[in-house]
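Down below is the structure, laid out as structure tokens.
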Amino acid sequence: MAYWLMRSEPDAYSWERLVEDKGTEWDGVRNSTARIHLRAMKPGDLAFFYHSNEQKAAVGIMRIAREGRPDGEDGKWVSVAVEPVKPLARLVTLKAIKAEPRLSALEMLRQSRLSVSPVRDEEWMVMLELGETRL
DNA sequence: GCCAACGTTGGC
DNA sequence: GCCAACGTTGGC
């Protein structure tokens, strides 16, 4: 099983909205690196939901509910289905992520503009620890 | 096929 | 409001 981090501006689509909807189609991603990650996702994989801009923090945990399918007019992009698992008991802010040496190699820090990025097993555990959350 | 110009995104 | 990073576009 793989772990991911997926980002959205809360104004565009928020964690609260996802919980309300009980799941959503994560579409509209128009970046080829992000597409590679979307294609690699398998049902059952887990992902942090990160709020960019105002909040700048991971707020919850999602499960990949369905593998990628074609997205966009010409179908050359990819979308997956996601569903909420549980909120993080404590927000994991970007500040906290940057301050944690064990997260210094986190893909999202390396490629700050990437909206879908992989998270290593060890990094996932550290994030959960910072979020004071158990699955 | 290369690269400069430009647009977009996200953080500060 | 600014700037850095980076993807895309268009001219050559």
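Naming: A, B, ... by sequence-line order, numbering from 1 per chain.
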Exercise. Counting any heavy atom closer than 4.0 Å, what does A:Arg30 reach on the DNA or RNA strands: base, sugar-phosphate only, or nothing?
Worked result: nothing
Exercise. What nucleic acid atoms does A:Lys98 come within less than 4.0 Å of, heavy atoms only: base, sugar-phosphate, or nothing?
Worked result: sugar-phosphate
For this session: Return no unless some side-chain N or O of A:Arg7 is found under 4.0 Å from OP1 or OP2 of B:dG10.
Result: yes
Exercise. Taking OP1 and OP2 of C:dG7, is either one under 4.0 Å from a side-chain nitrogen or oxygen of A:Gln111?
Worked result: yes
Rounding to an integer number of Å, can you tell me how far [X] [atom1] sits from [N] [atom2]?
X: A:Arg110; N: C:dC6; atom1: CZ; atom2: C1'; answer: 13 Å
X: A:Leu106; N: B:dG10; atom1: CG; atom2: P; answer: 16 Å
X: A:Arg113; N: B:dC12; atom1: CZ; atom2: P; answer: 16 Å
X: A:Met108; N: B:dG10; atom1: CE; atom2: P; answer: 9 Å
X: A:Ile97; N: B:dC12; atom1: CD1; atom2: P; answer: 11 Å
X: A:Leu94; N: B:dT9; atom1: CG; atom2: C1'; answer: 14 Å
X: A:Lys95; N: B:dG10; atom1: NZ; atom2: C1'; answer: 18 Å

Problem set entry | Stepwise side chain to side chain donor-acceptor pair (under 3.5 Å) check, A:Glu9 with A:Ser52 | CA-CA 5 Å; A:Glu9 295 183 27; A:Ser52 58; 4.9 Å; no
Problem set entry | Side chain of A:Asn53 (C-beta onward), nearest among C:dA5, B:dG11, C:dG7 | B:dG11
Exercise. If you measure from the Lys or Arg side-chain nitrogens to the Asp or Glu carboxylate oxygens, is any gap between A:Glu107 and A:Arg110 under 4.0 Å?
Worked result: yes
Exercise. Any side-chain heavy atom of A:Trp4 within less than 4.5 Å of one from A:Ser117?
Worked result: no
Exercise. Should the ring pair A:Trp26 and A:Phe49 be called parallel, tilted or perpendicular, given that the plane angle runs from 0 to 90° and is split at 30 and 60?
Worked result: perpendicular
